[in-house]
Structure formats: C-alpha cells, structure tokens
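A quick write-up on the structure given underneath.
Heavy atoms only: backbone and side chains are in, while hydrogens, waters and symmetry mates are out. Chain A is the first sequence line, chain B the second, and so forth, proteins listed ahead of strands; every chain is numbered from 1.
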Number of protein chains: 2
Amino acid sequence: MKLKKKERQEKLKEMIEETPFITDEELAKTFDVSIQTIRLDRLELSIPELRERIKHVANNNWNETLKALPIDEVIGEVVNLELDNLAISILDIKEEHVFSRNMIARGHHLFAQANSLAVAVINDELALTANAEIYFTRPVKAGERVIAKASVVGHDKKRTVVEVKSYVNSEVVFEGKFHMYRTTERKS
Amino acid sequence: MKLKKKERQEKLKEMIEETPFITDEELAKTFDVSIQTIRLDRLELSIPELRERIKHVANNNWNETLKALPIDEVIGEVVNLELDNLAISILDIKEEHVFSRNMIARGHHLFAQANSLAVAVINDELALTANAEIYFTRPVKAGERVIAKASVVGHDKKRTVVEVKSYVNSEVVFEGKFHMYRTTERKS
DNA sequence: CCACTATTATGACTAGGTCCTAATAGTAAT
DNA sequence: ATTACTATTAGGACCTAGTCATAATAGTGG
C-alpha cells in the first residue's frame with residue numbers, strides 16, 4: 001500500500017533535505033504519485049521549488065567562499081573541472097603534510113587529494129569510492145606542488161572508473177584507479 | 001563610444017566570474033547591447049547559462065566541502081601497538097568527516113586511519129606506503145565508531161605487507177592491503 | 001450514501017534560457 | 001562607391017521546471 005499523506009510528506013521533507021537537487025518529477029516517481037500531489041505537498045510544507053533550493057545552496061557556498069578563500073592547505077584547489085570527464089587540482093605540500101623526520105608527505109594527503117578529485121569529477125549527487133588500487137611512485141617532499149589529474153575512463157555496471165595521476169614537475173608521484181559508486185544512472 | 005567586442009567579452013567574463021548570479025538581461029543592460037549579443041558572447045566564450053552557473057556553484061558546495069577539512073589531526077587514537085605485528089586504532093566519525101547530504105564518511109578519512117596505522121606498525125625509522133588495494137565495503141555514518149586493526153602479514157623483498165581491516169560493531173567497513181616501503185632491513 | 005479529504009488532470013502563464021534563420025549596421029579594402 | 005566581411009539585432013519555435021487556478025475523480029469514515 002502506498003504511504004499515507006502524512007508519512008509521505010515527512011519522507012519528502014527528509015528526501016529534499018538530503019538531496020535538494022531533485023525535481024518534482026523524480027519525487028513523484030519515487031513516491032508513485034502525481035507531480036501535482038508533490039506540488040501540493042511542497043506547498044503545505046512550504047518547501048520552495050528546485051531552482052530556489054539550488055540558489056539557496058549556491059548562495060551559501062558563495063558567501064562562504066568569499067570569506068574562506070584561503071585556498072592554502074586543504075585537499076587541493078580545483079583548477080579545472082569537466083563533469084564526467086576530467087578534473088585537475090593543485091596541492092602544495094607544506095610542513096603539516098609531512099613526517100617531521102624526513103619531510104616526506106604522508107600518504108593519506110596524496111590519497112585525499114586524489115580521492116576527493118575522483119568524487120568531484122563524478123556528475124552525480126552521490127558518489128562514493130567503492131575500491132581503489134593506488135601507487136605511491138615517488139616520495140613527495142615539503143615545498144613541492146602536486147598536480148592531480150583525474151579522468152573518467154569508463155563504466156562497469158553501476159560503477160564509474162576514474163584514473164588519477166599526480167605529478168610533481170611532470171614526474172608521476174601517485175597513481176590510482178578509483179572505482180566509484182554512483183546512485184543514479186550516468187547522464188549521457 | 002560603446003566597447004569593442006573583445007573588450008566587452010573580457011569584461012563580461014570578469015563580471016560573470018565575480019557575480020555569477022547575473023542574468024543575460026542584466027548583462028545586456030549594463031553593456032548597453034541586446035540580449036542576443038550577450039548570448040553570442042557567452043557562446044563564444046563557452047560560458048554556461050545562469051542556471052548552470054548556479055548549479056555549478058551549488059555543486060562545489062556539495063562535492064567539495066574540501067574547503068575546510070581538518071584532515072590533519074584526527075586519524076584515530078592508537079589503543080594497542082605491537083611493532084612489526086599488529087596495531088589497533090579507534091576513530092569516531094563525526095560531522096566533519098561526512099558528506100553533509102547523506103552523513104556518509106568521506107573515504108579519505110577511513111583511508112587515513114588505516115594508512116597511518118600501517119605506518120605506525122612498522123618497526124622502522126622510515127616507512128612509506130608504496131601501493132595499496134583498498135575496499136570500502138560499507139558506508140560509515142556519522143556517530144559510528146570505526147576500529148581499525150592492522151596486522152603485518154609478510155614481506156616481499158624490501159616491502160612489508162600490512163593488512164588493515166576496519167570495523168563498525170564487528171562489521172567490516174574497510175579493507176586494505178598496504179605494501180610498505182622501509183629503509184632498513186627488518187629486524188628479526 | 002453523503003461529506004470530506006486526497007489526488008489527479010488540465011490549461012494558461014512564467015523565467016531564463018537554447019537553437020536556428022534572417023535581416024540590418026558598421027567598417028575596411030579595392 | 002561597391003563589395004566583403006564581421007558584428008549586432010530580431011524573431012520564432014522549443015525547453016525545463018516550475019506557478020496558479022479550476023475542475024473532476026478516488027477513497028475513506030461516519
């Protein structure tokens with residue numbers, strides 16, 4: 001049996017909070033009701049339409065990035081992004097990324113840069129790493145700039161395969177093949 | 001006199017970068033040209049339409065919470081350590097470890113816990129990860145406690161192989177085989 | 001069966017575009 | 001001045017993801 005109105009509306013609310021980038025049409029399908037019902041629900045719950053929701057999220061981001069633009073440390077700065085195709089990010093290795101004894105970058109920072117890039121390049125609301133084979137081909141020292149290049153190389157079943165190569169001055173320092181899980185079918 | 005095409009396009013580009021939430025209509029007014037001219041300009045410069053720009057900004061927010069991740073400090077607390085044999089660490093997954101949409105832990109945190117444990121268990125001054133095969137077998141949610149167990153399983157040439165399994169309540173959530181490089185020969 | 005709520009359908013209209021075709025303006029070279 | 005070319009403007013058809021209003025139909029409890 002279909003959900004009662006109240007239940008549906010609760011789930012609807014949760015769903016939109018989780019994944020605000022969802023259209024009424026998709027919602028209608030998942031709840032197996034008409035679009036109009038979804039719209040009445042949104043009206044009653046005073047949930048704005050998709051485009052307003054997106055704007056809201058974007059606005060938050062905009063305000064934040066204006067404030068928190070110190071791009072320095074983190075997991076790299078994305079300098080190029082073509083969804084479902086390729087992405088490039090830069091990470092400057094600093095004191096805090098390395099073992100103090102030998103100034104060599106700790107592996108998980110290189111991994112984090114590559115992994116987050118693999119997530120970002122996926123043109124989907126939900127992308128998770130399922131598994132990966134990774135190679136640390138050369139130690140990276142503090143002061144070096146790592147450029148990670150991610151490219152989508154294919155799809156097997158529900159998985160998207162992303163290859164990431166990270167370079168310091170055209171020398172490969174990290175390689176990884178990431179098998180990414182994505183919720184919905186890939187958009188052509 | 002009105003700006004020449006080239007000048008206008010440069011300014012247009014700047015303007016859209018600065019304030020991506022601007023419609024063609026507003027742009028047309030500020031440059032005192034027709035909407036169609038603006039659209040031709042965007043076409044030539046391959047600048048997407050407003051709604052796509054907004055989505056992109058929003059998407060960044062979603063995909064790349066990158067911008068303030070405190071990966072550096074918390075990689076788990078070591079609770080047991082027998083050099084060259086096994087090690088155990090605990091990591092409590094908190095808000096800052098997860099994607100905000102779905103509360104699923106970002107992969108690199110699980111990796112960081114496992115990788116740093118693999119480094120720690122090696123009884124040597126210098127241990128680096130050479131390569132690894134890793135599997136994220138179950139999503140981990142905020143609030144869950146991840147217990148990682150690393151065990152040294154063997155040596156091939158100059159490498160030490162460490163297996164790490166991470167659990168939430170006796171359920172495996174992450175598995176990895178880490179091939180570690182070490183400077184000196186292993187002490188028997 | 002009636003009353004009431006819930007759901008679905010339909011049509012008109014909107015913003016902010018795309019894509020295509022066609023007409024007009026402006027300028028530079030012969 | 002005439003030709004050639006680029007730049008600009010205009011128009012129409014179409015798109016998505018909605019809004020708002022009206023009306024018809026389904027389903028359920030008393």
Figure out the [atom1]/[atom2] separation between [X] and [N], and round it to whole Å.
| X | N | atom1 | atom2 | result |
| --- | --- | --- | --- | --- |
| A:Ile35 | D:dT19 | CD1 | C1' | 13 Å |
| A:Ile38 | D:dT16 | CD1 | C1' | 18 Å |
| B:Lys5 | C:dA28 | NZ | C1' | 16 Å |
| B:Glu52 | D:dC15 | CD | P | 17 Å |
| B:Gln9 | D:dA7 | CD | C1' | 11 Å |
| B:Lys29 | D:dT9 | NZ | C1' | 17 Å |
| A:Asp32 | C:dT8 | CG | C1' | 13 Å |

- Message: Can you list everything that forms a side chain to side chain donor-acceptor pair (under 3.5 Å) with B:Thr137? Sequence neighbours excluded, please.
- Response: none

- Task: Decide side-chain contact (heavy atoms from CB on, under 4.5 Å) for A:Phe178 and A:Ile134; before the verdict, give the C-alpha distance in whole Å, the side-chain angles of both, and the deciding distance to 0.1 Å.
- Result: CA-CA 8 Å; A:Phe178 292 82; A:Ile134 55 180; 4.3 Å; yes

- Message: Applying a 4.0 Å non-hydrogen cut-off, can you work out what A:Leu40 is touching in the nucleic acid: base, sugar-phosphate, or nothing?
- Response: base

- Query: Which pairs count as salt bridge (charged side-chain N to carboxylate O under 4.0 Å, His left out) when at least one residue sits in residues 113-122 of chain B, sequence neighbours excluded?
  - Reply: none

- Query: OP1 or OP2 of C:dT8 less than 4.0 angstrom from a side-chain nitrogen or oxygen of A:Thr37, does that happen here?
  - Reply: yes

- Message: Based on the rotation axes of five pairs at each end, what angle does the helix from C:dC1-D:dG30 to C:dT30-D:dA1 bend through, to 10°?
- Response: 0°

[X]: what forms a salt bridge (Lys or Arg N to Asp or Glu O under 4.0 Å) with it, not counting sequence neighbours?
| X | answer |
| --- | --- |
| A:Arg145 | A:Asp92 |
| B:Glu44 | B:Lys5 |
| B:Glu26 | none |

- Using a 4.0 Å heavy-atom cut-off, write out nucleotides 14-21 of chain C from 5' to 3' as B (base contacted by protein), S (sugar-phosphate only) or - (no contact). -BBBB---

- Does B:Ser34 have any side chain to side chain contact (heavy atoms under 4.5 Å, CB included) partners at least two apart in sequence or in another chain, and if so, which? B:Gln36, B:Thr37

- Task: Would you please name every residue forming a side chain to side chain contact (heavy atoms under 4.5 Å, CB included) with B:Leu50, sequence neighbours left out?
- Result: B:Thr23, B:Arg53, B:Ile54

- Query: Parallel under 30°, tilted from 30 to 60°, perpendicular over 60°: which one fits the rings of A:Phe174 and A:Phe136?
  - Reply: perpendicular

